[in-house]
Structures are given as C-alpha cells and as structure tokens.
There are 2 protein chains.
Amino acid sequence: MADSIIDSLKAGGKKLTKPRQAILAILESNALPVTAAEVHARLKKARAPMDLATVYRNLTMLQELGLVDPVGLREGQMRYEVRHGREHHHHIQCRGCGRIVDLMLCPLKKLTQLVESQTKFAVEGHSLEFFGWCPQCR
Amino acid sequence: MADSIIDSLKAGGKKLTKPRQAILAILESNALPVTAAEVHARLKKARAPMDLATVYRNLTMLQELGLVDPVGLREGQMRYEVRHGREHHHHIQCRGCGRIVDLMLCPLKKLTQLVESQTKFAVEGHSLEFFGWCPQCR
DNA sequence: TGTTAAATGCGAATCACTTGCAACAAGGAA
DNA sequence: TTCCTTGTTGCAAGTGATTCGCATTTAACA
C-alpha cells in the first residue's frame with residue numbers, strides 16, 4: 001500500500017483497518033473502474049468477505065478524501081477507481097457489451113476557463129464519458 | 001406540438017395519447033432538464049395527474065426515439081430534456097444549491113475522431129457535465 | 001363501428017444505496 | 001502493555017428511484 005494513501009487516511013482521522021486495506025487492495029489491482037457490488041464480490045472470492053454497507057461506506061469516504069474518483073456511466077450504479085499515481089482521464093463504454101476502455105486524455109483545461117467566464121461558476125470538476133460500439137460489437 | 005415529434009411517434013408505431021401529450025407539453029415548457037418526479041408533480045398541478053410508472057415508461061420511450069436526451073448529474077436520479085429544436089449542449093451544476101445552467105457549446109467533434117482512432121470504437125454519444133460553485137454559493 | 005396493438009393505472013417488486021445501533025478494533029496515552 | 005477514546009463493522013431495516021405484471025382502457029385504422 002502506498003504511503004501517500006496511508007498519510008491521507010491519517011490526515012483525515014481515519015483508521016487503517018483490515019477490511020479497509022482489503023478494499024484498497026482490490027481497487028489498486030483494478031485498472032478499470034469497479035462497482036461496489038464488484039468490490040464486494042471480489043472480496044468474497046479473496047476470502048476477505050465483508051458487508052456491502054461497509055464497502056459503500058469506505059468508497060464514499062475514500063472519495064471524500066480524494067483517493068478514489070467516481071465514474072458514472074449511466075448504468076444505474078456508480079463505479080470507482082483509485083486516483084493514486086494515475087493521470088486524470090476519461091472513459092469510453094461499449095453500448096453493446098459494456099466494455100470500458102480508458103482514454104488517457106482530457107481536453108478540458110482550456111474549456112474550463114471558457115465555462116467559468118461564461119457562467120461565473122467556479123468550476124471544480126467535470127465528468128466526460130463516451131458511449132459507442134467496440135470493435136467486436138459494431 | 002411540433003409535427004416532427006408527431007411524425008417520430010408515428011414512425012415508431014407509438015400512439016399520441018392524452019397523457020403522452022401532457023408529458024411532452026411539460027417537457028417542452030422546461031428549458032432545463034427535469035426529473036421524472038418533477039414531471040409527475042407538474043402534471044398533478046396542471047390537473048392532468050398520471051401514474052409515475054407511466055411517466056417513466058414515456059420518458060424511456062421518448063429517449064429511445066431520440067426525442068429526449070438523458071442528463072445524468074450524479075444526483076441519484078436522471079433528468080431529461082427535449083431535443084426538439086435545440087442545439088446539442090451540456091450543463092454545469094452548482095455543488096451548493098444544485099442550480100443547473102445550460103452551456104451552449106460542445107467542443108467534442110474533433111475529440112470524437114481522436115477517440116475513435118485511439119480505441120477503434122464507433123462513438124455514438126458522450127456525456128459531459130461540469131460541477132462547481134455558482135456565483136451565489138462560492 | 002369493430003378490431004387490435006399499444007398504453008395506462010395499480011400494486012408489488014427490484015435494485016442501488018443508506019442508516020441506526022450494538023459490538024468491535026485501531027492506535028495513541030498512561 | 002493496558003486502557004481509553006473514537007472510528008469501524010455487521011446486521012437488519014429503511015429509502016428512493018425505477019421497473020414489472022396484469023387487467024382494463026384507448027388510439028388508430030380497416
């Protein structure tokens with residue numbers, strides 16, 4: 001587990017419990033964003049079962065600390081991915097099979113300024129997801 | 001009601017029922033995206049009450065016909081807005097008060113081609129939402 | 001006007017997610 | 001090490017959004 005994560009938890013007055021470590025291990029082993037249910041299922045397989053409510057509580061907390069990013073793909077459930085050591089990026093999901101692919105790009109720095117001057121909002125974040133058909137499904 | 005909407009319904013084998021007309025009227029009178037619950041409440045006020053399930057069924061169907069666009073702002077519920085006669089656009093929502101403002105811009109035409117060549121997906125759509133603090137809340 | 005397929009209302013179900021609470025476990029202080 | 005405080009967990013129940021089954025209507029058109 002990365003020191004930066006442990007430091008962030010400490011700074012937030014959080015404890016490094018066993019269940020929490022297991023969740024972080026699952027998250028770190030996944031390149032792509034996962035749902036709470038998926039984390040729950042993988043913990044069960046990894047012989048570290050825990051209550052789904054605990055999974056949700058931890059994902060919410062990790063998000064508040066800025067350690068994980070939420071990814072909303074209009075699936076009726078949220079996905080989460082660790083931020084640690086990865087560039088800010090976006091995703092594309094296949095409308096056929098649901099496959100998700102990382103897009104290592106974000107064209108929105110300039111656009112953010114435009115939005116700020118246009119709306120007078122202080123922009124704090126954005127979500128950008130693409131939908132389409134993957135090579136196997138098209 | 002616009003002829004183009006009626007034509008689309010007809011082409012999809014759909015009927016132009018009274019409840020459906022009422023829903024479309026509500027949608028057309030709203031510049032900003034609304035939730036199913038909001039549509040349901042406004043129909044009640046407008047003395048054209050109908051079952052919430054009917055509202056959902058219609059919103060889903062109108063979306064499938066391409067007459068309304070879904071807008072996901074991570075509020076735990078979807079919003080919808082009529083596409084008819086309006087430019088493709090995005091939104092920004094205040095993290096404080098929830099206020100939504102239209103952004104009449106979309107910088108993603110070029111980016112879509114980049115995504116397509118990078119992933120080999122056939123891009124069919126995207127969602128782009130900004131979050132921040134509005135002038136009153138910042 | 002009759003026929004038929006689509007649409008509606010109602011109630012129950014599902015699904016993702018949250019909450020209350022008692023038992024438990026980090027982790028710093030003594 | 002032991003104690004104490006406070007965050008954490010499991011369990012069970014609760015929400016809130018959305019969907020489904022089914023019997024009853026209603027629009028569309030022959």
Side-chain angles (χ1 to χ4, degrees), chain A residues 1 3 5-26 33-44 46-65 67-68 70-80 98, chain B residues 1 3 5-26 33-44 46-65 67-68 70-80 98:
Chain A
M1 162 122 35
D3 285 347
I5 291 179
I6 295 175
D7 291 347
S8 294
L9 288 176
K10 217 171 258 182
K14 308 298 178 186
K15 293 176 180 174
L16 188 60
T17 63
K18 239 180 212 175
R20 188 161 290 166
Q21 287 178 53
I23 290 178
L24 282 163
I26 295 287
V34 292
T35 66
E38 283 168 0
V39 171
H40 184 250
R42 290 184 199 195
L43 287 167
K44 196 173 178 184
R47 311 231 173 163
M50 94 187 53
D51 198 89
L52 186 55
T54 302
V55 176
Y56 275 109
R57 277 188 284 237
N58 272 284
L59 289 174
T60 302
M61 183 271 286
L62 292 169
Q63 188 183 336
E64 281 163 5
L65 290 185
L67 295 175
V68 309
V71 180
L73 293 172
R74 298 185 184 172
E75 301 169 296
Q77 67 201 31
M78 274 291 147
R79 290 181 179 274
Y80 302 87
Chain B
M1 162 120 37
D3 285 347
I5 291 180
I6 295 175
D7 291 347
S8 294
L9 289 175
K10 217 171 257 183
K14 309 298 179 187
K15 295 176 180 173
L16 187 61
T17 62
K18 240 181 212 175
R20 187 160 291 166
Q21 288 179 51
I23 290 179
L24 282 164
I26 295 287
V34 291
T35 66
E38 284 169 0
V39 171
H40 183 249
R42 292 186 197 193
L43 286 167
K44 197 174 178 182
R47 312 231 173 162
M50 92 187 55
D51 198 88
L52 186 54
T54 301
V55 176
Y56 274 108
R57 279 189 283 238
N58 273 284
L59 289 174
T60 301
M61 182 273 286
L62 292 170
Q63 187 182 335
E64 282 163 4
L65 289 185
L67 296 176
V68 310
V71 179
L73 294 173
R74 298 184 183 175
E75 300 168 295
Q77 69 202 87
M78 275 289 147
R79 290 181 178 275
Y80 302 86

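Since the structure is predicted, the reported quantities are computational estimates derived from the model, not experimental observations. Throughout, a chain's letter reflects where its sequence line sits, starting with A, and its residues are numbered from 1. Just so it is clear, the values below take in all heavy atoms, side chains as well, and ignore hydrogens, waters and symmetry mates.
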Identify the two heavy atoms, one from [X] and one from [Y], that lie closest to each other, and give their separation to 0.1 Å.
X	Y	result
A/P33	A/V71	CB-CG2, 3.9 Å
A/L43	A/A22	CD2-CB, 3.6 Å
B/A36	B/L52	O-CD1, 4.0 Å
A/P19	A/M50	O-CE, 3.5 Å
A/G72	B/R74	N-NH2, 4.0 Å

Which value, rounded to the nearest 0.5 Å, describes the distance between [X] atom [atom1] and [Y] atom [atom2]?
X	Y	atom1	atom2	result
B/K14	B/I5	NZ	CD1	15.5 Å
A/S8	A/L67	OG	CG	4.5 Å
A/I26	A/R42	CD1	CZ	7.0 Å

Margin query: Less than 4.0 angstrom between a side-chain N/O of B/R20 and OP1 or OP2 of D/dT26, yes or no?
Written below: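 For D/dT26, OP1/OP2 do not have a side-chain N/O of B/R20 under 4.0 Å.
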So, OP1 or OP2 of C/dT18: does either fall under 4.0 Å of a side-chain N or O from A/Y56?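 Result: no.
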| Heavy-atom contacts under 4.0 Å between residues 71-79 of chain B and DNA chain C, which residues? |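 None - not one residue of the stretch has a heavy atom sitting under 4.0 Å from the strand.
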TODO: Mind listing the residues from residues 35-42 of chain B sitting with a heavy atom below 4.0 Å of DNA chain C? Number order is fine.
DONE: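 Nothing qualifies; none.
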*asked:* I want to check something: taking the side chain as every heavy atom from C-beta on, are A/L24 and A/L62 in contact at a cut-off of under 4.5 Å?
replied: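 A side-chain contact exists here, since the closest heavy-atom pair is under 4.5 Å.
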Less than 4.5 Å apart, any side-chain heavy atom of B/P70 and any of B/Y80?
->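 Yes - at least one pair of side-chain heavy atoms lies under 4.5 Å apart.
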For [X] and [N], give me the distance from atom [atom1] to atom [atom2], rounded to whole Å.
X	N	atom1	atom2	answer
B/M61	D/dT18	CE	C1'	17 Å
A/Q21	C/dA25	CD	C1'	13 Å
A/L62	D/dT8	CG	C1'	13 Å
B/M50	D/dT26	CE	C1'	14 Å
A/L59	C/dT18	CG	C1'	13 Å
B/L52	D/dT18	CG	P	8 Å

* Applying side chain to side chain contact (heavy atoms under 4.5 Å, CB included), run through A/M61 and A/L9 and close with a yes or a no. => CA-CA 10 Å; A/M61 183 271 286; A/L9 288 176; 4.1 Å; yes
Identify each atom pair where a protein N or O and an N or O of nucleotides 27-30 of chain D are less than 3.5 Å apart, giving names and distance.
from, atom 1, to, atom 2, distance (Å)
D/dA27, N3, B/K15, NZ, 3.0
D/dA28, OP1, B/L16, N, 3.1

Nucleotide N/O of nucleotides 21-23 of chain C paired with protein N/O under 3.5 Å:
none

5'-most contact on DNA chain D: A/N58 or B/A53, nearest heavy atom basis?
->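 It is A/N58, whose closest nucleotide lies nearer the 5' terminus.
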**Test item: A/H40 side-chain N/O and A/D51 main-chain N/O as donor-acceptor pair under 3.5 Å** =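 Between the backbone of A/D51 and the side chain of A/H40 there is no qualifying donor-acceptor contact (under 3.5 Å).
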Exercise answer: donor-acceptor pairs, residues 53-60 of chain A side-chain atoms, under 3.5 Å, sequence neighbours excluded:
from, atom 1, to, atom 2, distance (Å)
A/N58, OD1, A/R20, NE, 2.6
A/N58, OD1, A/R20, NH2, 3.3
A/N58, ND2, A/T54, O, 2.9
A/T60, OG1, A/Y56, O, 2.9

Measure the angle between the two terminal helix axes of the helix from C/dT1-D/dA30 to C/dA30-D/dT1, five base pairs each, and quote it to 10°.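 The value is 30°.
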